[in-house]
There are 2 protein chains.
Amino acid sequence: MSKISKKIVERLIIYRRCLIRSSVNSNNTHIFSHQLAKKSGASSAQVRRDIMGLGYSGSPAYGYEIKSLVDSIGKFIDPVKREKIAIIGLGNLGKAIVDYFNKQSLEMEIVAAFDTNPEKVNRVLMGCKSYHIKEMKSIIKEYDIQTAILCIPSINAQEVTDELIESGIKGILNYAPINLNVPLNIYVENLDMIAIFEKVSYFARKNNK
Amino acid sequence: MSKISKKIVERLIIYRRCLIRSSVNSNNTHIFSHQLAKKSGASSAQVRRDIMGLGYSGSPAYGYEIKSLVDSIGKFIDPVKREKIAIIGLGNLGKAIVDYFNKQSLEMEIVAAFDTNPEKVNRVLMGCKSYHIKEMKSIIKEYDIQTAILCIPSINAQEVTDELIESGIKGILNYAPINLNVPLNIYVENLDMIAIFEKVSYFARKNNK
DNA sequence: ATAACGTTGTGATAAAATTCACGAGAATAT
DNA sequence: ATATTCTCGTGAATTTTATCACAACGTTAT
C-alpha cells in the first residue's frame, strides 16, 4: 500500500466527519471535491489527492458517493472492533474528557479510568468505571486496551507512561505538557492545550498588523 | 523580520516550557541544543535553526543561556500585556478548561465566560465571571478581549463565531468539530479531540505491525 | 603553545507537502 | 450531432520543512 502520511490521516478523519454531517443534514448522495474542501478547510486538490491515496474513485460527473467514501475512509482508519480506551487522571479535565468522548462517539469508548485519589476510584461515569492506579496494569491487560489518554500532572507523566507501555498500551494521547520518552513502536500524540492557545494568541496579534 | 512559520512558533512555545522547567528543576544556567532537543522532542538541528530565527545566539562553548533565551522567546511570542481570554460554552469541557487554564498560567487568563443556560450565568469560577451570551459583544468590547475559546456544540459554532468577530475577536481556539468560516485576518485553530484521538488509535495499530 | 574536542550558526541538500494544470470523460445545452 | 461545461485523477512543478555537514571558535588537556 502506498504511504499515507500523518497529515493525510488527519485530514481523512476530518473529511469523514464532514461527510457524515453532510449526509445527515442534506439528502445529497454525492459531493464534489470543492464542496468537501470548503466544509473541511482543505483545498480541493488536496481532497482529491488524499482520497486518491485511499484507492477510492469518484466520478467526474457526480463527484464522490458519500456513503461509500465514508466506508472507504472507515475501512482505512477504523479498528476492526470497537476501540476500548483507558484514561489516567480523573481531575476536572479527565472527567470532562470521559464525558465528552463517551457522549458522542460510537466507534470508541473510554472503558476504564485510573487515579490515585481514593475518593475517585470505584465509581462509574458515563459507562466508564474508575480504579486505583495500582490496578492499572492488570485491568488494561484484562480488557486488552490498546490506547490511553494521559491526563495527569507532568511530574508523574513519564513514570505512568512507562507503566502503560509495560501494560501493553500502543498509543497515548498525552495532555500533560511534557515530552514523553517512549520506544519507537509506541505512538504518542501531545495535546498541550496551553501551548496551542499561546499559538492562537500569537497569530491573532500577528495577523491583524 | 524574517518569516517565522507556524511550525516554528509551535516549537518555540514548547522550547520555552522545557527551558523554564529545566531551570526550575536543575541549577544549570546553560543548555545545549541537543539537550533541549531531547527535552522537547525536536532534533538538535531544528532547535538551532528555530533559535536562529529569533536572532538569538548561543555560545559554542556553553550552549544557550537559559534565562536570556526564555526572554528572547517571550519577547517574540508574548503579548505586551497580560492576555485576557473569553470562553464560550460552560459545559463540562468548558468548565474544565477554565479551571485548567487559570490554575497554571501566568501570562494569560480566562476572564469571561458565556453560556445560554441561565443556571450557568452570573457565577465565578477560578476568577472567571460568567455571563449570558447575549451580553457577549458588550463584555468582550469592554474588556478589550482579543482571543476566545469556543466550546459549544457544532451546530451553534458558526453563528457564535460571526458574533465573536463582530465583537472584535482576532483569534479563536475552536473545540467544536467543525470548520469555521472566517475572514483572512482572523486566526482559527481547530482542536478536535475526537479526531486527534482517532489518529492516535490509527497509528497505535499501524506502528506495531 | 598547541592539539583535540564539542558546540554553534548556517549554506547546501534532501524530503515532504502542497499546488498547478491539464487530459479524459460524463452530462447538458443547443 | 456537436459544442460546452463540469469534474476527477494525476504527473509535474513549486513551496515548505527538515536534515546534513562543516567552517569557525572557545575550552580543556597536555
Side-chain angles (χ1 to χ4, degrees), chain A residues 1-15 18-19 22 28-70 72-73 76 179 184 190 199 203 206, chain B residues 1-15 18-19 22 28-70 72-73 76 179 184 190 199 203 206:
Chain A
M1 186 185 301
S2 75
K3 207 199 62 208
I4 303 285
S5 73
K6 190 170 153 177
K7 285 274 182 69
I8 297 177
V9 170
E10 286 173 5
R11 284 193 301 262
L12 288 172
I13 290 167
I14 301 297
Y15 297 158
C18 296
L19 291 166
S22 173
N28 294 344
T29 56
H30 291 72
I31 194 169
F32 292 121
S33 64
H34 62 88
Q35 296 173 309
L36 183 49
K38 183 86 189 299
K39 284 180 195 294
S40 66
S43 72
S44 65
Q46 216 164 30
V47 167
R48 294 200 302 277
R49 266 247 183 277
D50 293 341
I51 290 174
M52 187 181 91
L54 286 177
Y56 182 90
S57 270
S59 104
Y62 303 112
Y64 302 101
E65 211 250 308
I66 294 175
K67 194 171 167 333
S68 62
L69 178 51
V70 168
S72 274
I73 296 175
F76 188 78
N179 185 250
L184 280 175
N190 293 311
K199 182 174 49 165
F203 284 108
K206 202 77 192 304
Chain B
M1 187 185 302
S2 75
K3 208 200 63 211
I4 303 284
S5 72
K6 189 170 153 177
K7 286 275 180 68
I8 295 178
V9 171
E10 287 174 2
R11 285 193 300 261
L12 287 172
I13 289 167
I14 301 297
Y15 298 159
C18 296
L19 290 166
S22 174
N28 294 344
T29 57
H30 290 72
I31 194 168
F32 292 121
S33 63
H34 63 88
Q35 297 173 309
L36 183 49
K38 183 86 188 300
K39 283 180 196 293
S40 66
S43 73
S44 65
Q46 216 164 30
V47 167
R48 294 200 300 278
R49 266 249 182 274
D50 292 342
I51 290 174
M52 188 180 92
L54 287 177
Y56 182 90
S57 269
S59 104
Y62 302 112
Y64 301 100
E65 212 251 307
I66 293 175
K67 195 172 166 332
S68 61
L69 178 53
V70 168
S72 274
I73 295 174
F76 188 79
N179 185 251
L184 279 176
N190 293 311
K199 181 174 52 164
F203 284 108
K206 201 79 192 302

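Every chain is numbered from 1 and lettered A, B, ... according to where its sequence line falls, protein lines coming before strand lines.
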For [X] and [Y], which heavy atoms make the closest approach, and how far apart are they?
| X | Y | value |
| --- | --- | --- |
| B:Asn28 | B:Ile66 | O-CD1, 3.7 Å |
| B:Ile31 | B:Lys39 | CD1-CE, 4.0 Å |
| A:Lys6 | B:Phe203 | CA-CZ, 3.6 Å |
| A:Asn179 | B:Lys38 | OD1-O, 3.6 Å |
| B:Ala42 | B:Arg11 | CB-CD, 4.2 Å |
| B:Val47 | B:Tyr15 | CA-OH, 3.6 Å |

Using a cut-off of under 3.5 Å, enumerate the N/O to N/O pairs linking the protein to nucleotides 11-17 of chain C.
unit_1, atom_1, unit_2, atom_2, d
C:dG11, N7, B:Arg49, NH2, 3.0
C:dG11, O6, B:Arg49, NH2, 2.8
C:dA12, N6, B:Arg49, NH2, 2.8

Close side-chain approach of [X] to [Y], heavy-atom, < 4.5 Å:
| X | Y | value |
| --- | --- | --- |
| B:Arg49 | B:Met52 | yes |
| A:Leu19 | A:Ile73 | yes |
| A:Tyr64 | A:Ile51 | yes |
| A:Ser5 | A:Ile8 | yes |

For this session: Taking only the side-chain nitrogens and oxygens of A:Ser43, find out if one of them lies under 4.0 Å from OP1 or OP2 of C:dT19.
Result: yes
Exercise. Between D:dT7 and A:Ser33, is there an OP1 or OP2 to side-chain N/O distance shorter than 4.0 Å?
Worked result: no
Value in whole Å for how far the [atom2] atom of [N] lies from [atom1] of [X]:
| X | N | atom1 | atom2 | answer |
| --- | --- | --- | --- | --- |
| A:Ile31 | D:dC6 | CD1 | P | 19 Å |
| B:Glu65 | C:dT8 | CD | P | 14 Å |
| B:Ile8 | C:dT10 | CD1 | P | 14 Å |
| B:Glu10 | D:dT17 | CD | P | 10 Å |
| B:Tyr56 | C:dT8 | OH | P | 11 Å |
| A:Leu36 | D:dC8 | CG | C1' | 14 Å |
| B:Leu54 | C:dT8 | CG | C1' | 15 Å |
| B:Ile51 | C:dT7 | CD1 | P | 14 Å |

Problem set entry | B/S/- contact track for nucleotides 21-30 of chain D, protein heavy atom under 4.0 Å | B----SS---
Problem set entry | Watson-Crick or G-U pairs under 3.5 Å in DNA chain C, rendered as dot-bracket with [ ] for crossing pairs and | for another strand | ||||||||||||||||||||||||||||||
For this session: Could you tell me whether the side chains of B:Ser68 and B:Tyr56 share a donor-acceptor contact shorter than 3.5 Å?
Result: yes
